[in-house]
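Structure record follows, encoded as structure tokens.
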Amino acid sequence: MSFYSSKTLPKLLVKDFNLCHTLLCGQLFRVKKIDAWFYVIVKNRILKVRQSSPETLEYHGADKRFLIDFFALDEPYDDIIAHIDKDSHMTRAIKKFHGLRIVRQDPWECLISFICSAAANIPKIQLNLENLSEYFGEKVKLHGLEWHIFPGPGQLNNYKRIVMAKTGFRAKHIKAVNDTVDHSFLSFLNKLPYPEAKKALTQLPGVGSKIADCVLLFSLGFSEAFPIDTWIKKILQELYFKNKTISNGELHAFGRNYFGKYAGYAQQFLYMLAREKK
DNA sequence: CCGCAGGCCCCAC
DNA sequence: GTGGGGCCTGCG
């Protein structure tokens with residue numbers, strides 16, 4: 001595909017970072033693995049990256065500063081782990097998935113992604129996002145391949161095409177959100193306290209407690225957000241409630257109180273535990 | 001006794 | 001997953 005050997009690519013020294021865990025923990029969907037490399041479509045760029053050793057990232061398509069921000073490498077990892085390491089279950093998860101990070105993805109794409117996630121699975125979400133990008137997003141060529149940038153707010157302006165992207169009942173939510181939400185609304189949420197930001201998001205059609213928490217956690221820096229999906233529900237009930245059925249509201253309150261200001265990281269570790277048992 | 005807020009279940013989307 | 005309806009409960 002390229003005459004350049006990997007030796008010519010820049011390297012970034014990393015600590016407490018695992019690329020696979022970070023890219024494959026269900027927070028991002030536009031990730032492709034080709035040979036030994038991951039290709040991640042982030043905003044208007046195609047990031048090509050691999051972890052050639054535990055402490056080395058080789059990359060192309062972005063600069064160092066971008067990588068540090070996107071992968072949240074400036075977060076105090078030891079501190080985060082110390083906060084959520086409350087019991088033997090978490091200790092095990094933290095050890096097993098060490099280096100998992102919560103990325104800082106684009107809030108708009110994150111919002112649409114998780115609207116697509118309602119009653120779906122990961123391959124289906126990926127299909128929806130690929131289709132939406134192909135139908136509405138700008139095309140770019142890189143590494144001999146064609147890629148589509150994710151369409152911005154206002155660009156998802158054709159209901160029929162949104163339906164053609166196989167979004168099903170989510171199509172009307174996507175169209176409505178496209179017509180009412182812009183970048184400034186989303187960046188404004190950053191400045192609000194968690195409860196207010198969440199309330200503003202759940203005002204949007206197709207966005208309830210879970211999806212709001214995903215957007216807050218994965219794109220707006222609210223590390224205390226604690227999304228309850230079916231996987232988390234199952235594992236929380238199993239590990240902390242002797243398999244008793246607990247309402248989502250109660251599980252949410254439990255997670256936030258028990259794990260504290262980095263509850264969202266705890267949620268991701270638990271998600272990984274739940275998925276590997278599948 | 002009656003009315004409404006809050007919690008929960010159900011089901012179409 | 002969400003949202004809206006139906007239904008039960010509890011307090012005023």
Side-chain angles (χ1 to χ4, degrees), chain A residues 25-30 102 105-132 135 150 153 156 158-181 185-186 189 194-220 222 224-238 240-257 263-264 266-268 270-275 277-278:
Chain A
C25 67
Q27 58 179 329
L28 276 170
F29 302 100
R30 301 199 70 206
I102 291 174
Q105 64 178 105
D106 176 63
W108 167 254
E109 181 176 340
C110 190
L111 175 60
I112 299 300
S113 300
F114 283 95
I115 288 174
C116 289
S117 80
N121 54 34
I122 290 174
K124 163 112 170 78
I125 301 164
Q126 287 172 331
L127 174 73
N128 287 170
L129 297 178
E130 283 324 298
N131 287 160
L132 290 174
Y135 297 165
F150 193 77
L156 292 164
N158 184 315
Y159 176 72
K160 288 217 161 146
R161 281 185 158 212
I162 298 173
V163 174
M164 280 183 356
K166 306 199 186 300
T167 52
F169 66 85
R170 306 154 197 85
K172 57 179 180 297
H173 300 147
I174 294 170
K175 181 62 167 59
V177 166
N178 175 76
D179 294 345
T180 53
V181 169
F185 168 79
L186 292 168
L189 298 180
Y194 169 77
E196 265 95 289
K198 182 161 179 176
K199 195 179 294 172
L201 277 173
T202 53
Q203 228 77 352
L204 301 172
V207 181
S209 175
K210 190 271 179 184
I211 291 176
D213 270 337
C214 287
V215 174
L216 293 170
L217 179 61
F218 301 138
S219 73
L220 291 168
F222 289 88
E224 71 267 54
F226 197 82
I228 305 292
D229 68 6
T230 139
W231 296 97
I232 296 301
K233 186 181 178 75
K234 207 172 136 199
I235 193 115
L236 283 177
Q237 288 175 165
E238 180 189 328
Y240 298 99
F241 297 93
K242 303 174 179 162
N243 273 322
K244 230 178 64 151
T245 299
I246 309 290
S247 76
N248 289 4
E250 263 181 274
L251 291 173
H252 182 260
F254 165 77
R256 301 220 326 127
N257 293 331
Q267 191 271 3
Q268 278 312 99
L270 290 170
Y271 177 84
M272 293 297 264
L273 268 192
R275 295 289 309 219
K277 290 191 186 171
K278 189 179 90 163

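Here is how names work: the chains are called A, B, and so on, in the same order as the sequence lines, proteins then strands, and each is numbered from 1.
- Looking at A:L236 and A:I246, their side chains never come closer than 4.5 Å, going by heavy atoms from C-beta outward.
- End-to-end axis angle for the helix from B:dC2-C:dG12 to B:dC13-C:dG1, using five pairs per end and rounding to 10°, comes out at 0°.
- The structure places CZ of A:F29 at 13.0 Å from CG of A:L127, a figure rounded to the nearest 0.5 Å.
- At distances below 3.5 Å, at least one donor-acceptor pair connects side-chain atoms of A:Q267 with backbone N or O atoms of A:P227.
- Exactly one of A:I122, A:I235, A:L270 qualifies for a side chain to side chain contact (heavy atoms under 4.5 Å, CB included) with A:R275. That residue is A:I122.
- With hydrogens and angles disregarded, a donor-acceptor distance shorter than 3.5 Å links the side chain of A:N128 to the backbone of A:A165.
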- line: Quick tally for nucleotides 1-9 of chain C: nucleotides whose base has a protein heavy atom under 4.0 Å get B, sugar-phosphate-only ones S, the rest -, giving BSS------
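- Checking each of A:E109, A:Q105, A:Q126 against A:R30 for a side chain to side chain contact (heavy atoms under 4.5 Å, CB included) leaves exactly one that passes, namely A:E109.
- Closest approach of A:A200 and A:L189 over heavy atoms only: CB-CD2, 3.6 Å.
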